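Quantities reported herein were computed from a predicted structural model and do not represent experimental measurements. In the text below, chain A, chain B and the rest are named by the order of the sequence lines, each starting its count at 1. We use all heavy atoms of the structure for the numbers below, so side chains are in, but hydrogens, waters and symmetry mates are not.
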Number of protein chains: 2
Amino acid sequence: MRRRDRHDDDLELFELLANLEEIAEATRIPALLCRLLEIYGLKSVAYLGSGLAAQPGQGPYLAVTYSDDWVDHYKAQRFVDVDPAVQIGMRRMLPIDWDTFDRRDKNVRRLFGEAAEFGLGRRGISLPVHGQHGDRALVSITSDASDRDWRHLRLYYMRDFQMLALHMHQAILRLEGQRVETASLSPRERECLLWVAEGKTAWETAIILGLSEHTVRCYLESARHKLGAANNTHAVNKAGKASLLSQIP
Amino acid sequence: MRRRDRHDDDLELFELLANLEEIAEATRIPALLCRLLEIYGLKSVAYLGSGLAAQPGQGPYLAVTYSDDWVDHYKAQRFVDVDPAVQIGMRRMLPIDWDTFDRRDKNVRRLFGEAAEFGLGRRGISLPVHGQHGDRALVSITSDASDRDWRHLRLYYMRDFQMLALHMHQAILRLEGQRVETASLSPRERECLLWVAEGKTAWETAIILGLSEHTVRCYLESARHKLGAANNTHAVNKAGKASLLSQIP
DNA sequence: CGTAAATCCGGCAGATACACCGGATTTAGG
DNA sequence: CCTAAATCCGGTGTATCTGCCGGATTTACG
């Protein structure tokens, strides 16, 4: 990968971040990913977003630099069920080096073997991103760096792409329109919802909070109305995604 | 702040990250924060974690470098209700520069005025961290850098502390023991929970999935059992926090 | 000094959830 | 081949939720 002067790369990173904040059309994303390839000397960059639409049944959001052939093949072979980058990466908080994956599984070896044939690098990192509303993303990069280079490079990649992944996710959320309904709950409404979310009944919640059961029902009702929720379950889910249940108020 | 040679700082960053992964006692956290002060030439570093314990009613987790006096005063004055770093920062995804806060509010000006008296820097950044289970954190740093220096420094601070904040949160989660009950739901169970979370009744869910209402009830029941949940609301909440409702798998 | 919002309380009818009972076939893996 | 798990279906009694009716005081704000 021929990493250029460090300071130049830093400036380029900050420029990229600024670009991501200004980007106005989702169609520009792939071109921006390709710029990443050049700047960082990578073999591939991929963004996989999940839970962006707030409605279930929606497919994941995908933006990649590699060929459609590989994407089609990946989908046809249902590699997503096997791919440790997705299965493990999506369930982590910290970035992960693909070298740490267990390749004893036959299917996993086949996946990485065929990936190489389609032009992906031998080395890879996946960086998980966690949004505020249950939305998630995984930014994966691959490289063909030598073993010796890779040990150092991956740290720098992790650092820069930690920011890039976050800003990328933010940009895509902005463009793909995650509706952010902001309702404000009163402290009591929030408390009641909090305990209902823990599986307590209205009666139990009343005991816990030292209220009458009827009062708890009233708070839950007004909370449902504020949130536009069909029932308590829906209200808990909506309030949770709107981070209204965090105890920080 | 006299930033030293860039490469040295980079190595120090990676060393700090390694330290965070190895840290075995929560009592070591403050000392590590103090090392950050020295290395980066900051006035203060603070970690505020929320939702770590999975049970409501638990207070936030706090680790700071500034004096107990300021913490006590902050709590006594209920500054948390006013503090834009917390109120805005905790509801964002990207880091935020304190310069962008609206200081027209009388209480906000008083907060920052008194903060300076207690030894916090005039400049500040807050970096939000989002965990997998609804847990959150806010890492805030302050500096007394000059206006000219600050414009550049904050970008480098944001980059390094993006990683540091994430690793810090991971370390504290590991130490403060967030129990991660792992139940595995079948695809159908997950689908049913997903629609119930959207406020659908069992009957509506049955229509949507093309099943009988009774079958949906059965899936919900087994899901509740697997998750150890008292009712559907609890199950949705638990499954959501265990990231079992993401449509990826 | 109104007004709005938050905090509280009671009751009732119908819809829904929940637990526990029973049955079936298909599929994956040891 | 056997077992476990996943996929499906039906019924019943009781607990709980939900919506809608009525009331009250306190607090904050302009």
- [ ] Provide, to the nearest angstrom, the distance between the NE2 atom belonging to B/His234 and the P atom belonging to D/dT16.
- [x] 16 Å
Open item on the list: Check the orientation of A/Tyr157 and A/Trp150. Use parallel for under 30°, tilted for 30 to 60°, and perpendicular for over 60°.
Closed with: tilted
- [ ] Kindly point out which of C/dT7, C/dA17, C/dC9 is positioned nearest to the side chain of B/Ala202?
- [x] C/dA17
Task: Whole-Å gap separating C1' (D/dC8) and CZ (B/Arg188) - done: 9 Å
Open item on the list: Between C1' on C/dA5 and NE2 on A/His225, what's the gap in Å once rounded to a whole number?
Closed with: 17 Å
TODO: Calculate the interatomic distance between A/Glu221 atom CD and C/dG10 atom P; express it in whole Å.
DONE: 16 Å
Open item on the list: Looking at C/dA19, I'd like to know if its phosphate oxygens (OP1 or OP2) sit under 4.0 Å from a side-chain N or O belonging to B/Arg224.
Closed with: yes
- [ ] Please name all residues satisfying side-chain contact (heavy atoms from CB on, under 4.5 Å) with B/Ile96, sequence neighbours left out, ordered by chain then number.
- [x] B/Ile88, B/Arg92, B/Thr100, B/Phe101, B/Ser126
Open item on the list: What is the distance, to the nearest angstrom, from the CD atom on B/Glu204 to the C1' atom on D/dT18?
Closed with: 14 Å
Open item on the list: I want to check one thing: is the phosphate of D/dT7, taken as OP1 and OP2, less than 4.0 Å away from some side-chain N or O of B/Ser186?
Closed with: yes
Task: 5' priority, DNA chain C, between A/Val216 and B/Asn232 [closest heavy atom] - done: A/Val216
Task: Atom-to-atom span, CG of A/Leu193 to P of D/dC17 - whole angstrom - done: 13 Å
Open item on the list: Using five base pairs at each end to define the local axes, how bent is the helix from C/dC1-D/dG30 to C/dG30-D/dC1, to the nearest 10°?
Closed with: 70°
- [ ] Can you spot which of A/Asp99, A/Asp144, A/Asp97 makes a salt bridge (Lys or Arg N to Asp or Glu O under 4.0 Å) with A/Arg123?
- [x] A/Asp99
- [ ] Compare side-chain N and O positions of B/Asn231 against OP1 and OP2 of D/dT16 and report whether any pair is under 4.0 Å apart.
- [x] no
Open item on the list: Check the phosphate of C/dA15 against B/Thr201, side-chain N and O only, distance under 4.0 Å to OP1 or OP2. Yes or no?
Closed with: no
Task: 5' precedence on DNA chain D between A/His214 and B/Thr215 (nearest-nucleotide basis) - done: B/Thr215
Task: With sequence neighbours excluded, residues passing side-chain contact (heavy atoms from CB on, under 4.5 Å) with A/Ala230 - done: A/His234
